[in-house]
**Student:** 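Structure below; questions to follow.
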Amino acid sequence: MTKTSNQIRRDFLEFFRSKGHEVVASSPLVPGNDPTLLFTNAGMVQFKDVFLGAEKRSYTRAASSQRCVRAGGKHNDLDQVGYTARHHTFFEMLGNFSFGDYFKRDAILYAWELLTGVWQLPKDRLLVTVYHTDDEAFDIWHKEVGLPVERIIRIGDNKGAPYASDNFWQMADTGPCGPCTEIFFDHGDHIWGGPPGSADEDGDRFIEIWNNVFMQNEQFEDGTMVDLDMQSIDTGMGLERIGALLQGKHDNYDTDLMRSLIEASAHLTSADPDGPGKVHHRVVADHLRSTSFLIADGVMPSNEGRGYVLRRIMRRAMRHLNMLGTRDVTMFKLVPALVRQMGTAYPELVRAQSLIEETLRLEETRFRTTLDRGLKLLDEELSDLPEGADLPGPTAFKLYDTYGFPLDLTQDALREKGRAVDVAGFDAAMEEQRKKARAAWSGSGEAKDAGIWFELAEKHGATEFLGYDGEVAEGQILALVKDGASIGSSDDAQGAVVNIIVNQTPFYAESGGQVGDQGWIRTDTGLARVTDTRKAAGVVYHVAEIVEGAVARGQPAKLELDHARRQAIRANHSATHLLNEALRNVLGDHVAQRGSLNAADRLRFDFAHAKAMTAEELKAVEDEVNAYIRQNGAVETRLMSPDDARALGAQALFGEKYGDEVRVVSMGRLGGSGKGMDRNTYSIELCGGTHVRHLGEIGAFVLLSDSASSSGVRRIEALTGEGAMAHMAEQTKLLADVAAVLKVPAPELAERAKALLDERRKLENEVANLRRELAMGGKSGGPEAKEIAGVKFIAQVLTGVSGKDLPGMIDEMKARLGSGAVLLIADTGAKPAVAAGVTADLTGRLSAVTLVKAAAEALGGKGGGGRPDMAQAGGADIALADQAIAAAESVIGG
């Protein structure tokens with residue numbers, strides 16, 4: 001009976017389980033431990049540190065079925081996919097591994113047993129290759145397995161450099177490597193091709209089905225190679241290739257897995273799977289697998305790094321669907337067929353199905369417009385060219401720059417027409433644009449070192465951010481910058497501060513109110529403490545202090561951010577989103593963000609609102625935020641166009657410029673909100689920052705204050721997590737301390753405080769009345785009035801009263817006089833206060849203002865004002881009180 005691909009995968013893993021191997025799950029397509037790789041491209045990637053001795057595991061033998069992508073970087077099969085029988089962007093690599101356990105003999109014997117014993121492949125149709133100096137492997141094949149010498153082929157350095165050989169395996173330019181032995185199957189002389197190493201080796205008669213790598217060396221960047229302390233085994237056998245062989249096929253695309261997807265494509269497009277559109281169906285089937293698994297592993301389409309490669313694959317498949325005649329968004333409808341075939345082996349595909357479908361649908365919706373415009377322009381340009389002429393480079397660049405049509409997509413479209421692109425002209429147009437961009441950058445008023453960031457961006461591209469999914473990663477140091485210039489190595493002295501640029505980083509660069517991450521960067525020769533992370537021209541640079549040794553350009557590095565600090569920042573950032581929505585619900589839709597700060601110890605949020613919030617409003621906002629924290633819903637992120645995001649109800653910063661694609665963060669569930677994909681989302685905003693995965697991780701939210709930031713803008717300060725808990729604990733302790741002092745239970749504090757305040761006010765009034773009585777002479781009524789020019793006049797210097805007490809006292813004295821004038825000076829212990837009063841019947845001939853000014857001037861002060869019947873002023877020296885009284889008497893006497 002013909003075995004299915006799922007059975008073959010199971011056979012392989014169970015065979016090696018029986019040989020004492022630990023069956024290990026496939027690692028993600030984004031390698032977390034190898035900065036030299038764009039995607040996981042082999043089964044050994046997850047075991048790299050084990051091979052190097054940097055990591056110890058509980059087992060020394062392992063087997064896996066590893067999902068792999070080869071569509072960028074050194075291993076890139078994208079252009080051949082669909083046109084050949086065995087090229088794929090996505091494939092499964094069956095592998096068995098030994099970490100210092102068995103070596104060449106057992107690896108070869110295991111392979112032979114599985115192929116010829118379990119799967120019963122005919123021995124006389126198998127042949128092998130070995131590295132030309134590997135006599136040990138040659139002898140095992142010949143003397144122990146029994147292969148004739150003529151079916152064991154030695155392959156030397158056939159790729160132009162030492163160890164550059166089909167039989168010397170290197171995962172990347174550096175790292176573990178070693179000689180290998182490859183096993184081939186002879187499909188028969190009715191198919192053209194020669195054995196490996198011959199002039200006709202590129203034919204399809206002899207097909208490699210398994211590669212056994214003897215991991216015994218490590219390659220360094222300077223070209224040196226040393227023996228590994230631990231001799232190990234790394235093997236790889238493509239499931240698609242062995243599947244074709246065991247299913248009696250010569251073409252990988254005729255295997256059950258691929259064929260089911262091809263037929264799904266044919267059914268959806270109503271196009272014969274083996275007709276004129278055969279290549280298109282193959283491209284769609286292959287690219288559906290790679291895009292779906294990449295999305296499931298957290299890669300999202302973007303304009304840089306891994307996201308750009310994903311977008312290229314997606315758009316290539318979508319163009320081929322267009323060539324099959326589809327005019328509607330189609331690709332996402334194929335995802336269920338893939339999940340049916342591979343979901344059992346890879347449950348992450350099932351979990352991410354809705355996200356995959358949504359991402360494909362949104363991407364194809366956008367790309368349809370781009371595709372129609374680009375293909376129309378392409379046809380117009382081709383109609384004006386001579387038959388068979390290459391497309392001019394500037395035209396290809398216009399397609400890229402104006403319509404978002406990548407060069408490889410243009411080349412792919414022209415391939416069916418037998419034409420090519422003037423790549424040199426395209427590169428020249430690209431360089432011209434870069435010159436203009438450099439000129440614009442240098443004139444933008446940035447800091448003196450701005451130019452270096454543009455140069456680095458142009459040379460290395462934008463830094464890839466890995467921090468949405470992890471907080472530890474490996475990277476490669478691309479550059480070191482100090483004082484605005486690129487340097488090769490940091491200073492050996494401790495305390496040297498440099499900016500470190502790495503190809504990929506989990507560190508978030510300060511942006512959108514979220515502060516930059518801190519943490520550590522370690523290399524084999526040094527340790528740097530990252531104090532801040534920033535970004536310029538798309539380049540993330542880590543502001544770092546060298547605390548041990550030195551770091552150098554080109555070194556691999558381990559990057560680890562401060563986990564607790566990042567968690568606190570994430571909590572504050574997510575709480576800010578909840579706060580924004582709660583403010584809108586409590587205060588109204590006029591609330592709009594005007595700024596924010598998301599730091600590790602606090603959050604700050606500025607928003608448009610005309611007046612201070614009431615206590616009731618503050619409590620309502622705090623309660624609403626905490627309610628959604630307790631809801632503990634998942635925080636979801638998606639990439640989509642700004643228009644699509646706004647259509648879902650997403651909030652955006654007023655005046656902010658957004659690109660063609662934005663990151664949309666959704667959190668909380670509110671039935672009937674009308675927002676989000678499900679129309680039941682509480683908060684949805686455009687945001688590139690980092691967030692908690694579930695709202696419960698915020699812990700708690702405490703609103704500290706509401707204050708004025710500027711005209712029409714309020715500012716809220718708040719705490720979350722441990723900061724909020726510490727604040728609440730402090731407040732609880734303070735409450736308990738006050739209750740202890742007042743000797744009442746905490747629930748009765750408010751009533752007790754009110755009673756004390758009432759009692760205090762009553763006592764203060766009594767004291768004030770007594771002071772006035774004492775100051776005015778008590779029951780005796782104070783000093784006698786003297787008569788000056790027919791006007792009764794009382795003047796007195798008072799102690800124990802303040803300036804604000806004087807008007808009331810003057811009114812009392814005027815009432816006693818019936819007719820006359822009064823001058824009172826208060827000795828306050830500082831600058832004296834003076835007040836004058838004149839009864840209403842005399843204000844026509846005498847003004848209190850004139851009296852107080854004369855007295856104040858005599859006291860060393862000046863000015864004074866009020867009404868004709870009452871005026872006040874201040875003096876400078878109480879010792880001059882007698883002169884002040886005399887000055888007032890002079891005014892009365894005329």
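Sequence positions, counted from 1, serve as the residue numbers for this chain.
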**Student:** Please determine whether a side-chain nitrogen of the Lys or Arg among D251 and R86 lies less than 4.0 Å from a carboxylate oxygen of the Asp or Glu.
**Tutor:** no
**Student:** Hydrogens and angles aside, do Q504 and R306 bring a side-chain donor and acceptor to less than 3.5 Å of each other?
**Tutor:** yes
**Student:** With distance as the sole test, does N598 use its side chain to make a donor-acceptor pair with the main-chain N or O of L603 at under 3.5 Å?
**Tutor:** no
**Student:** Looking only at side chains, do R61 and S98 share a donor and an acceptor under 3.5 Å apart?
**Tutor:** no
**Student:** Whether the side chain of Q476 engages the backbone of V502 through a donor-acceptor N/O pair (distance < 3.5 Å, no angle test) should be reported.
**Tutor:** no
**Student:** Are D517 and T533 linked by a side-chain donor-acceptor pair shorter than 3.5 Å?
**Tutor:** no
**Student:** For a quick test of reading the model, state the closest non-hydrogen atom pair linking L257 to E92 and the distance between them.
**Tutor:** CD1-OE2, 4.1 Å
**Student:** Is there a donor-acceptor contact under 3.5 Å from the side chain of E697 to the main chain of H694?
**Tutor:** yes
**Student:** Looking at every heavy atom in both I262 and A285, which two are closest together, and how far apart are they?
**Tutor:** CG1-CB, 3.8 Å
**Student:** Any chance the side chains of T326 and R368 put a donor and an acceptor closer than 3.5 Å?
**Tutor:** yes
**Student:** Please confirm whether the backbone N or O of D328 pairs with a side-chain atom of T330, one donor and one acceptor, at under 3.5 Å?
**Tutor:** yes
**Student:** Go through the side-chain N and O atoms of Q514 and E510 and say whether any donor and acceptor fall under 3.5 Å apart.
**Tutor:** no
**Student:** Do N680 and S673 pair up side chain to side chain, a donor and an acceptor below 3.5 Å, judged on atom types alone?
**Tutor:** no
**Student:** Can you tell whether the side chains of R17 and E22 come within less than 4.0 Å, N to carboxylate O?
**Tutor:** no
**Student:** Using a 3.5 Å distance criterion without hydrogens, assess whether the side chain of K675 forms a donor-acceptor pair with backbone atoms of Y682.
**Tutor:** yes
**Student:** I want to know whether H320 and H281 have ring centres closer than 6.0 Å.
**Tutor:** no
**Student:** Spell out, as yes or no, whether a donor-acceptor pair under 3.5 Å connects the side chain of R289 to the backbone of F90.
**Tutor:** yes
**Student:** Got a donor-acceptor contact below 3.5 angstrom from the N626 side chain to the F701 backbone?
**Tutor:** yes
**Student:** Can you name the nearest heavy-atom pair linking A42 to C68, along with the distance?
**Tutor:** N-SG, 3.6 Å
**Student:** Go through the steps to decide whether Q353 and L338 satisfy the test side-chain contact (heavy atoms from CB on, under 4.5 Å), and finish with yes or no.
**Tutor:** CA-CA 10 Å; Q353 181 174 348; L338 174 64; over 6 Å; no
**Student:** Could you check whether any side-chain N or O of E358 sits under 3.5 Å from a backbone N or O of F332, counting only pairs where one atom can act as donor and the other as acceptor?
**Tutor:** no
**Student:** Could you report the tightest heavy-atom contact between A568 and T720, atom names first, then the distance?
**Tutor:** O-OG1, 4.5 Å
**Student:** Would you check, one step at a time, whether the test side chain to side chain donor-acceptor pair (under 3.5 Å) holds for R319 with N322?
**Tutor:** CA-CA 5 Å; R319 192 189 74 81; N322 181 267; over 6 Å; no
**Student:** Determine whether the aromatic ring centres of H88 and Y253 lie less than 6.0 Å apart.
**Tutor:** yes
**Student:** Can you measure from CG (L310) to CG (L29) and round to the nearest 0.5 angstrom?
**Tutor:** 10.5 Å
**Student:** Does any part of the side chain of H573, heavy atoms only, come nearer than 4.5 Å to the side chain of H577, both counted from C-beta?
**Tutor:** yes
**Student:** Compute whether any side-chain donor of one residue and acceptor of the other, for T84 and H87, lie under 3.5 angstrom apart.
**Tutor:** yes
**Student:** Any luck finding a side-chain donor-acceptor pair between Q651 and N580 under 3.5 Å?
**Tutor:** no
**Student:** Take D234 and F47 through the side-chain contact (heavy atoms from CB on, under 4.5 Å) test and state the conclusion after the steps.
**Tutor:** CA-CA 9 Å; D234 158 32; F47 302 117; over 6 Å; no
**Student:** Regarding T40 and Q66, do their side chains bring together a donor and an acceptor under 3.5 Å, going by distance alone?
**Tutor:** no
**Student:** State the OG-CZ distance between S27 and R67, to the nearest 0.5 angstrom.
**Tutor:** 7.0 Å
**Student:** Does Y468 form a side-chain contact (heavy atoms from CB on, under 4.5 Å) with M300? I'd like the steps, not just the answer.
**Tutor:** CA-CA 11 Å; Y468 289 129; M300 299 300 285; over 6 Å; no
**Student:** Step through the shown structure and confirm whether more than 12 heavy atoms of other residues, nucleotides or ligands are within 6.0 Å of NE2 on H563.
**Tutor:** yes
**Student:** Any donor-acceptor pair under 3.5 Å linking the side-chain atoms of R57 with those of Y59?
**Tutor:** yes
**Student:** Does some side-chain heavy atom of E357 sit less than 4.5 Å from a side-chain heavy atom of P336?
**Tutor:** yes
**Student:** Salt-bridged, E364 to K333, with N to O below 4.0 Å?
**Tutor:** no
**Student:** Measure the spacing between CG of D286 and CD of E240 and express it to the nearest 0.5 Å.
**Tutor:** 9.0 Å
**Student:** Is a side-chain donor-acceptor pair under 3.5 Å present for T255 with N252?
**Tutor:** no
**Student:** Roughly how far, to the nearest 0.5 Å, is the CG atom of D562 from the CZ atom of F507?
**Tutor:** 9.0 Å
**Student:** Measure the CG-OG distance between L579 and S574 for me, rounded to the nearest 0.5 Å.
**Tutor:** 12.5 Å
**Student:** Less than 3.5 Å apart, any donor N or O on the side chain of E471 or Y508 sitting next to an acceptor on the other?
**Tutor:** no
**Student:** Can you find a pair of side-chain heavy atoms, one from I209 and one from L245, that are under 4.5 Å apart?
**Tutor:** yes
**Student:** If I compare all heavy atoms of R361 with all of V329, which pair ends up nearest, and what's the gap?
**Tutor:** O-CG1, 3.8 Å
**Student:** Closest heavy-atom contact between A296 and E348?
**Tutor:** CB-O, 4.1 Å
**Student:** Under 4.0 Å between a Lys/Arg side-chain N and an Asp/Glu carboxylate O for R638 and E636?
**Tutor:** yes
**Student:** Could you check if a side-chain atom of R311 sits within less than 4.5 angstrom of a side-chain atom of E363, using non-hydrogen atoms only?
**Tutor:** yes
**Student:** Hey, does the side chain of E685 reach the backbone of V664 with a donor-acceptor pair shorter than 3.5 angstrom?
**Tutor:** no
**Student:** Answer whether the closest heavy-atom distance between the side chains of V69 and N41 falls below 4.5 Å.
**Tutor:** no
**Student:** Determine whether F293 and T89 make a side-chain contact, defined as any pair of heavy atoms from C-beta on separated by less than 4.5 Å.
**Tutor:** no
**Student:** Could you verify whether a donor N or O on one side chain and an acceptor N or O on the other, from E464 and Y308, lie under 3.5 Å apart?
**Tutor:** no
**Student:** Between S683 and Y628, is any pair of side-chain heavy atoms under 4.5 Å apart?
**Tutor:** no
**Student:** Show your working on side-chain contact (heavy atoms from CB on, under 4.5 Å) between I242 and L246 and close with a plain yes or no.
**Tutor:** CA-CA 6 Å; I242 191 64; L246 295 177; 3.9 Å; yes
**Student:** For the pair T235 (side chain) and N96 (backbone), establish whether a donor and an acceptor sit closer than 3.5 Å, ignoring hydrogens and angles.
**Tutor:** yes
**Student:** With the side chain counted from C-beta on, respond yes when F16 and L114 share a heavy-atom pair under 4.5 Å apart, and no when they do not.
**Tutor:** yes
**Student:** Out of curiosity, I629 CD1 to I698 CD1, how far, rounded to the nearest 0.5 Å?
**Tutor:** 4.5 Å
